[in-house]
2 protein chains.
Amino acid sequence: MSNQEQQVGYVVKQAQSLLRLRMEEALHPYALTVSQYSCLHHLLREPGISAAGLARATFMTRQSMNSMLQQLLERELVERPARPASGRALPTALTAAGVDLLAAAQAEVDGVERRMLSGLSPSELISLTHGLNACVKALGD
Amino acid sequence: MSNQEQQVGYVVKQAQSLLRLRMEEALHPYALTVSQYSCLHHLLREPGISAAGLARATFMTRQSMNSMLQQLLERELVERPARPASGRALPTALTAAGVDLLAAAQAEVDGVERRMLSGLSPSELISLTHGLNACVKALGD
DNA sequence: AATACTATGTCAGAATTCTTACATGAGCAA
DNA sequence: TTGCTCATGTAAGAATTCTGACATAGTATT
């Protein structure tokens, strides 16, 4: 293997790709994509968020998010009011079915994350998180 | 911000998304997508590789890679023989123009990577790489 | 030799996501 | 008030990537 591929950027991409693959496998029984799971996951923690805010939190465009929310609405996993109370933002939240499905799916995804970190000591995990956050900060505008 | 989002998986995704965004910006003047750049980058280090091997190295399907190679062939940045010498694999390599474009683009991308790592000490960088590689290993089959 | 298995390339179509564009509502300043 | 700016939602279309399927070539197995 070429040592150029050991550049940090490549390893970040490799880790993210593999994590996504394992998450896809874990979420398959629940008929959820990783993007859909991320959406539900964030909705549990920030109910009433707008689609645009949700898109920012999950690194998508607001157009893609609205497209995805349509599917989740049809499956009755999320709900939105027909009209905004004020402004244009439509506050989105999980339904009871959405909460239940998320809970089941999250148990699987948590297992994937535990597997990912299984080779790291607590101090190594702290170093990893610290390093990644430093990368995010340095790349932020 | 919810502390659940501080899970390592989320930070990995955040770092990768931001890195991709900065790379897109850096590559825009060269009319290269990040995927195309990754392809050219790997071709420099492993000339004669098959499209399927290239796909594995860049985390895509071989169908997508062949689709992308068509564009790079039309731009005469890469070249492939019309018929395989043996077997089915078509060995792919950079053209002189591909080497030149890659060199210019890589200078920009290297700057992005330096920026990403600018807040890390040498030992922190080693810890980060070590942690990411441990994640990859643990998630591998 | 005959068969099975694996890897590669390719085709067709679907799914996802993005880009571009426009309309609407809120806040702010002149 | 009027105009400007920003954020949100939405629509239409393009671009990218994936899934499923099939044919071919090499290799291994029986």
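These numbers come from the heavy atoms of this one structure, side chains and all, not from hydrogens, waters or symmetry mates.
For C/dT16, neither phosphate oxygen OP1 nor OP2 lies less than 4.0 angstrom from any side-chain nitrogen or oxygen of A/S64. For C/dT17, the OP1/OP2 oxygens have a side-chain nitrogen or oxygen of A/S35 closer than 4.0 Å.
Nearer to the 5' terminus of DNA chain C, by closest-nucleotide assignment, is the contact made by A/Q71 (compared with the other of A/A85 and A/Q71). Residue-to-nucleotide proximity on DNA chain D shows that, of B/S86 and B/F59, the 5′-proximal contact is made by B/F59. Residue order along DNA chain D, read from the 5' end via each residue's closest nucleotide, puts A/R88 first among A/R88 and A/E24.
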Under the side-chain hydrogen bond (donor to acceptor under 3.5 Å, both in side chains) rule, what do A/S67 and A/S64 come out as? Steps first, then yes or no, please.
CA-CA 5 Å; A/S67 176; A/S64 299; over 6 Å; no

If you apply the rule side-chain hydrogen bond (donor to acceptor under 3.5 Å, both in side chains), what do you find for A/H42 with A/E46, and how did you get there?
CA-CA 6 Å; A/H42 195 88; A/E46 197 169 342; 3.1 Å; yes

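Comparing D/dT17, C/dA21, C/dT10 by their nearest atom to the side chain of A/R62 picks out C/dA21.
Looking at heavy-atom distances under 4.0 Å, B/R80 makes contact with sugar-phosphate atoms alone, never a base. As judged by a 4.0 angstrom heavy-atom cut-off over every strand, B/Q36 is placed among residues making no nucleic acid contact.
Remark: the B/S38 side chain and the B/S35 side chain contain no N/O donor-acceptor pair separated by less than 3.5 Å.
In this structure, A/L73 places its CG atom 13 Å from C1' of D/dG9, rounding to the nearest Å. Between the CE atom of B/M60 and the C1' atom of D/dT19 there is a distance of 14 Å, given to the nearest Å.
Partners of B/Q70 under the side-chain contact (heavy atoms from CB on, under 4.5 Å) rule, at least two apart in sequence or in another chain, are B/L73.
Residue-to-nucleotide contacts include no donor-acceptor pair under 3.5 Å from the side chain of B/Q63 to the base of D/dT16.
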